[in-house]
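The structure under discussion appears below in the form of structure tokens.
In what follows, every chain begins at residue 1, and chains take the letters A, B, ... in the order their sequences are listed. Atoms considered below: every heavy atom in the structure, side chains included; atoms not considered: hydrogens, waters and symmetry mates.
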Amino acid sequence: MAAKEINYWLMKSEPDAYSIKDLRNEEETLWDGIRNYQARNFMRSMKIRDQAFFYHSNTKPPGIVGLMEIIETNLIDPFQFDEKSKYYDKKSTKENPRWDCVKTKYICEFKNMITLKELSEIYAPEELTLVRKGNRLSIMPVKKSIAIDLIKKLQQN
DNA sequence: GCCAACGTTGGC
DNA sequence: GCCAACGTTGGC
């Protein structure tokens, strides 16, 4: 039986809010709080067994710190209905929820991160959208060839 | 603190 | 539907 094609993604998080160490401790987490349609749509196209790079943003320096696996998809983000949450969306209804999330599982933390600076020296913005100037997307796809290349590099470190 | 790059909102 | 004003993300 042919192995199912898996796709690769990159997911940003500020470590003050949620870090790779938090994920290592908890093993699994719901990737909630996404309130950007483009990022949401990328999440919607994720499949179980896909893998995602964990990226620490707003750090000195920012960069890729680990790898995780997508273990559940098409989940409803519970915080959109929680009036006390900063992720509350009064326009979202239970009949027609606006925001999704996925569940991810820890695979590994890389001993040495690959910084954004290093990535931008290796890859052009057309190859890796992460290095596009002013990129604010919190979730984005990573081309398979680049993903495999990155994993190899990160494991050598 | 500044700024680039968008996304969102609201007037018309 | 257009566009100006404003807000947000996130690098530096």
Side-chain angles (χ1 to χ4, degrees), chain A residues 7-26 28-46 50-70 73-104 106-147 149-151 153-154 157:
Chain A
N7 291 306
Y8 293 90
W9 308 90
L10 185 139
M11 299 168 92
K12 292 182 186 175
S13 177
E14 299 191 11
D16 288 348
Y18 197 83
S19 72
I20 185 72
K21 289 186 169 44
D22 294 326
L23 180 61
R24 189 185 59 199
N25 291 337
E26 292 175 16
E28 299 176 4
T29 192
L30 207 57
W31 207 270
D32 52 55
I34 299 302
R35 294 293 178 270
N36 169 287
Y37 289 107
Q38 210 178 341
R40 182 203 66 180
N41 293 343
F42 283 135
M43 264 200 316
R44 283 188 175 171
S45 58
M46 288 179 182
D50 280 1
Q51 294 186 4
F53 294 97
F54 197 125
Y55 179 89
H56 277 176
S57 66
N58 251 322
T59 51
K60 290 177 185 176
I64 293 173
V65 293
L67 191 65
M68 52 194 169
E69 181 182 346
I70 309 303
T73 59
N74 297 308
L75 303 166
I76 290 166
D77 186 335
F79 294 102
Q80 64 196 302
F81 305 121
D82 179 356
E83 283 182 46
K84 292 189 192 86
S85 169
K86 69 168 179 167
Y87 298 120
Y88 177 63
D89 183 346
K90 62 174 191 276
K91 290 181 184 163
S92 189
T93 62
K94 300 238 179 190
E95 294 71 37
N96 193 12
R98 184 177 287 192
W99 304 110
D100 304 22
C101 51
V102 294
K103 191 178 261 188
T104 69
Y106 177 83
I107 296 179
C108 65
E109 176 180 359
F110 300 116
K111 222 172 6 166
N112 296 297
M113 61 150 56
I114 296 193
T115 65
L116 180 63
K117 183 167 179 291
E118 288 171 310
L119 290 167
S120 63
E121 283 162 3
I122 304 171
Y123 303 108
E126 309 83 61
E127 293 180 295
L128 185 67
T129 46
L130 176 73
V131 305
R132 201 185 64 217
K133 203 179 178 190
N135 176 22
R136 294 178 312 145
L137 261 184
S138 59
I139 294 177
M140 68 200 87
V142 177
K143 281 184 190 167
K144 190 165 203 167
S145 56
I146 291 181
D149 195 37
L150 281 175
I151 291 169
K153 274 197 182 62
L154 287 156
N157 279 348

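In A:Lys117, the NZ atom is not crowded: 12 or fewer heavy atoms of neighbouring residues, nucleotides or ligands sit closer than 6.0 Å.
The backbone N or O of A:Tyr37 sits less than 3.5 Å from a side-chain atom of A:Asn41, completing a donor-acceptor pair. Remark: the backbone N or O of A:Asp22 is not paired with any side-chain donor or acceptor of A:Asn25 at under 3.5 angstrom. A donor-acceptor distance shorter than 3.5 angstrom exists from the side chain of A:Asp50 to the backbone of A:Asn7, with no hydrogens or angles considered.
Using a 4.0 Å cut-off on heavy atoms, the residues of residues 127-137 of chain A that approach DNA chain B are A:Arg132, A:Lys133, A:Gly134, A:Arg136, listed by number.
In this structure, the side chains of A:Leu30 and A:Leu75 come closer than 4.5 Å at one or more pairs of heavy atoms.
Taking the centre of each ring, A:Phe54 and A:Trp9 stay at or above the 6.0 Å mark.
Once you apply a 4.0 Å limit to the heavy atoms of chain A, the touched nucleotides of DNA chain B run 5' to 3' over B:dA5 to B:dT8.
Residue contacts shown for A:Lys12 are limited to sugar-phosphate atoms, with no base heavy atom under 4.0 Å away.
When all heavy atoms of A:Asp77 and A:Ile34 are compared, the closest pair comes out as OD2-N, 4.1 Å.
A:Lys21 and A:Glu109 are joined by a salt bridge, as a carboxylate oxygen and a charged side-chain nitrogen come within less than 4.0 angstrom of each other.
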